[in-house]
Asker: 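So that we are looking at the same thing, I have put the structure below in structure tokens.
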Amino acid sequence: MNNGGLLVAGTTSDAGKSVVTAGICRWLVRQGVKVAPFKAQNMSLNSFVTREGAEIGRAQAMQAQACRVEPTALMNPVLLKPGGEQSSQVVLLGRPVGELSARGYHGGRQQKLLGTVLDCLAELRGTYDAVICEGAGSPAEINLRRTDIVNMGIARNAGLPVLVVGDIDRGGVFASFFGTVALLSPEDQALVAGFLVNKFRGDVSLLEPGLDMLHGLTGRHTYGVLPFRHGLGIDEEDGLRVSLRGTVRESNTAPPVGEDVLRVAVCAIPLMSNFTDVDALAAEPGVVVRFVDRPEELADADLVIIPGTRGTVRALEWLHERGLAEALRRRAAEQRPVLGICGGFQILGEHIEDEVESRRGRVEGLGVLPLRVRFAPEKILTRPEGAALGERVEGYEIHHGVAEVTGGDAFISDDHGHSLDGCRVGQTWGTHWHGSLESDGFRRAFLREVATAAGRRFVPAPDTSFAALREEQLDRLGDLIEQHADTDALWRLIESGAPQGLPFIPPGAPA
């Protein structure tokens with residue numbers, strides 16, 4: 001017999017589904033409930049590797065952490081990784097199974113995956129007391145309803161009650177709530193139990209007349225009004241938590257320990273993947289992280305990072321088009337710090353042989369690191385450990401490119417001093433390892449090297465723990481649910497399903 005469950009849907013993309021799901025998970029686990037997250041289908045370039053070597057969305061890995069359980073492929077059986085405007089790599093149960101156009105995917109492949117998705121959900125529901133599912137986009141995407149396996153398609157097949165989240169900070173939340181319900185079929189509407197208002201600023205009493213009217217119009221309860229809080233958008237799927245040429249929103253506001261700040265510029269390359277790699281830098285007091293797309297913005301940077309990308313060759317072309325390629329070469333020649341991560345590491349090499357991702361054949365790299373890259377059909381998915389700069393370091397690898405390093409110094413080594421990954425020449429570093437900067441000792445050692453090379457009197461804080469900061473964020477999400485949601489009603493919903501007799505709101509889905 002299946003245990004409790006809930007689908008957290010949204011009026012729009014970025015309404016807060018991921019963080020609300022994580023908050024509900026953390027609230028439940030603090031009540032002693034054995035809980036797991038689930039998202040049937042995720043479209044994101046922000047991914048993670050599980051212990052068993054499966055690739056899933058980072059949002060689900062973060063939600064698993066909120067549940068205090070190890071993430072698995074069951075929690076995100078389908079991951080779509082866009083490779084451009086028209087196609088995505090399909091990752092099924094943690095492994096890539098091919099590239100498909102949007103038309104090809106929605107035209108038939110998606111519906112064929114429904115059985116796999118339902119099997120994964122059933123396995124989780126048979127193991128955990130509750131499974132909190134996250135939808136995608138909006139459940140009222142009427143053009144996609146026939147093949148939907150992530151919103152009402154999964155809710156209908158699994159008998160899940162649905163909670164619709166709306167971002168009131170964007171405006172129009174009442175119309176969005178009403179319209180979302182009114183565009184669903186009677187069968188789908190019967191599962192939509194109510195609403196959750198997200199990111200509210202001000203006096204809740206001023207909102208209550210609107211909530212009362214919404215209840216009168218829809219017959220549905222509002223399960224809570226969550227206040228706006230800064231710094232809670234962790235590990236989002238498809239949004240850079242930045243404004244271009246602005247700082248990362250989660251940047252720590254604590255003053256620097258030393259006399260100087262350290263300025264980090266991240267090249268905002270196309271199809272950027274795992275931009276969360278820089279979150280650990282932004283968490284350091286005195287480190288200012290910003291995303292840039294012009295060469296003049298590198299002038300005052302103490303460190304420039306070329307992040308990972310789903311389109312290495314396209315990103316390399318973009319760097320040339322913007323004039324950033326030559327600026328990066330000059331930086332390297334001047335011994336000013338540069339770090340390439342995954343695709344960024346490959347870009348810094350001598351050349352790339354790519355018959356897999358771009359199918360462009362041989363392409364010249366920036367030539368500042370002694371490596372040659374060949375793209376292999378098989379994707380490398382690992383969770384390695386090693387040592388760098390005298391400190392332990394952990395990371396995860398997600399890439400098709402195989403690097404042949406022909407010179408320079410080892411960057412990350414094993415316990416016997418043998419090179420594991422990456423290389424270094426002067427003040428230019430490169431590695432395939434995502435997440436390495438989350439290793440506190442290594443991050444501090446690396447920042448000390450950067451500060452010395454940049455001539456900055458910056459001192460890393462001696463006690464910053466990225467893991468502890470992440471736990472604090474997850475607890476804050478749990479607090480939001482516990483303090484501002486109707487948790488008794490929410491638990492009844494998870495345990496017993498949608499209330500009976502919910503009214504139909506016309507016109508319903510078009511025939």
Side-chain angles (χ1 to χ4, degrees), residues 19 62 65 169 199 201 227-236 239-268 274-294 296-307 331 335-339 341 388-393 427 429 435-480:
V19 293
M62 175 267 292
Q65 187 176 346
D169 198 47
K199 299 183 185 177
R201 305 174 192 250
F228 186 95
R229 292 286 188 269
H230 287 283
L232 293 180
I234 51 179
D235 287 12
E236 294 168 319
L240 293 179
R241 294 183 312 284
V242 301
S243 94
L244 195 58
R245 295 187 293 276
T247 57
V248 175
R249 288 211 299 260
E250 282 78 20
S251 291
N252 200 302
T253 56
V257 175
E259 297 179 44
D260 287 343
V261 299
L262 207 63
R263 296 172 177 84
V264 178
V266 184
C267 296
N274 289 67
F275 55 86
T276 48
D277 281 335
V278 302
D279 282 358
L281 295 179
E284 284 284 349
V287 175
V288 180
V289 180
R290 66 184 190 273
F291 286 74
V292 302
D293 65 350
R294 299 184 301 202
E296 56 267 29
E297 294 174 300
L298 306 188
D300 68 342
D302 303 308
L303 168 67
V304 174
I305 294 178
I306 311 174
R331 262 191 89 87
Q335 298 295 304
R336 301 180 66 199
V338 176
L339 171 64
I341 301 174
L389 304 180
E391 300 285 348
R392 297 301 300 172
V393 59
Q427 295 302 321
W429 295 267
S436 61
L437 293 167
E438 295 178 19
S439 298
D440 297 326
F442 166 69
R443 182 179 64 253
R444 286 191 276 270
F446 179 68
L447 290 175
R448 283 193 289 269
E449 291 250 353
V450 169
T452 299
R456 296 286 185 190
R457 289 171 294 183
F458 168 85
V459 178
D463 56 355
T464 300
S465 166
F466 186 74
L469 290 171
R470 173 56 52 86
E471 277 295 302
E472 288 174 17
Q473 281 188 307
L474 292 171
D475 275 331
R476 289 172 67 198
L477 292 178
D479 293 343
L480 277 181

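Count residues from 1 along the sequence.
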Asker: Test your reading of the model: is there a side-chain donor-acceptor pair from R336 to the backbone of A299, 3.5 Å cut-off?
Answerer: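 Answer holds: yes.
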Asker: Between CG of L437 and CD of E284, what distance do you get to the nearest 0.5 Å?
Answerer: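 The CD atom of E284 is 10.0 Å from CG of L437, to the nearest 0.5 Å.
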Asker: Report the distance from atom CD of Q473 to atom CZ of R476, rounding to the nearest 0.5 Å.
Answerer: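 Atom-to-atom, Q473:CD and R476:CZ are 6.5 Å apart.
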Asker: Would you confirm whether R331, through its side chain, and L298, through its main-chain N or O, come within 3.5 Å as a donor-acceptor pair?
Answerer: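 Yes; at least one donor-acceptor contact below 3.5 Å.
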Asker: Check whether any side-chain N or O of S439 sits under 3.5 Å from a backbone N or O of F442 as a donor-acceptor pair, and report yes or no.
Answerer: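 No, S439 side chain to F442 backbone: no donor-acceptor pair under 3.5 Å.
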Asker: How close do L281 and L303 get, heavy atom to heavy atom, and via which atoms?
Answerer: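 Looking at all heavy atoms of both residues, the shortest contact is CD1-CD2, 4.5 Å.
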Asker: Looking at every non-hydrogen atom in both residues, tell me the closest pair between F458 and V261 and how far apart they are.
Answerer: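 Minimum heavy-atom contact is CD1-C, 4.2 Å.
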Asker: Determine whether P307 and N274 make a side-chain contact, defined as any pair of heavy atoms from C-beta on separated by less than 4.5 Å.
Answerer: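 Counting from C-beta outward, P307 and N274 never come under 4.5 Å.
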Asker: State whether the number of non-hydrogen atoms from other residues, nucleotides or ligands found under 6.0 Å of R392 atom CZ is greater than 12.
Answerer: yes
Asker: I'd like to know if the side chain of R444 reaches the main chain of T464, judged simply by a donor and an acceptor atom lying under 3.5 Å from each other, with no hydrogens or angles considered.
Answerer: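 Side chain of R444 to backbone of T464, a donor-acceptor pair under 3.5 Å: yes, one is there.
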Asker: Would you say the side chain of W429 lies within less than 4.5 Å of the side chain of P337, judging by non-hydrogen atoms?
Answerer: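 Heavy-atom side-chain distance check passes, below 4.5 Å.
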Asker: Can you tell me if D302 uses its side chain to pair, donor with acceptor, with the backbone of R263 under 3.5 Å?
Answerer: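 Yes; judged by distance alone, with no hydrogens or angles, the pair exists.
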Asker: Starting at CZ of R448, measure out to OG1 of T452 and round the result to the nearest 0.5 Å.
Answerer: 9.0 Å
Asker: Please report the C-alpha distance between F228 and D169 in whole Å, then the side-chain angles of each, then the deciding distance to 0.1 Å, and finally whether the side chain to side chain contact (heavy atoms under 4.5 Å, CB included) criterion is met.
Answerer: CA-CA 8 Å; F228 186 95; D169 198 47; 3.9 Å; yes
Asker: Where do G286 and P256 come nearest, in terms of heavy atoms and distance?
Answerer: CA-CB, 3.7 Å
Asker: V264 vs V450, test: side chain to side chain contact (heavy atoms under 4.5 Å, CB included). Steps then yes/no.
Answerer: CA-CA 10 Å; V264 178; V450 169; over 6 Å; no
Asker: Between E438 (side chain) and G435 (backbone), is there a donor-acceptor pair under 3.5 Å?
Answerer: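 Checking the backbone N and O of G435 against the side chain of E438, no donor-acceptor pair under 3.5 Å is found.
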Asker: So does D440 pair up with R443, basic N to acidic O under 4.0 Å?
Answerer: yes
Asker: Going by heavy atoms in the side chains, are L480 and P227 under 4.5 Å from each other?
Answerer: yes
Asker: After noting the C-alpha distance and the side-chain angles of V278 and F291, does the key distance pass the side chain to side chain contact (heavy atoms under 4.5 Å, CB included) rule?
Answerer: CA-CA 10 Å; V278 302; F291 286 74; 4.1 Å; yes
Asker: To the nearest 0.5 Å, what is the distance between CG (L474) and CG (D479)?
Answerer: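 CG of D479 is found 11.0 Å from CG of L474.
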Asker: Using the rule given for side chain to side chain contact (heavy atoms under 4.5 Å, CB included), can you reason through V289 versus D279, listing the C-alpha separation, both sets of side-chain angles and the distance that settles it, and then say yes or no?
Answerer: CA-CA 9 Å; V289 180; D279 282 358; over 6 Å; no
Asker: Using 0.5 Å steps for rounding, measure from the CG atom of L477 to the CE atom of M62.
Answerer: 7.0 Å
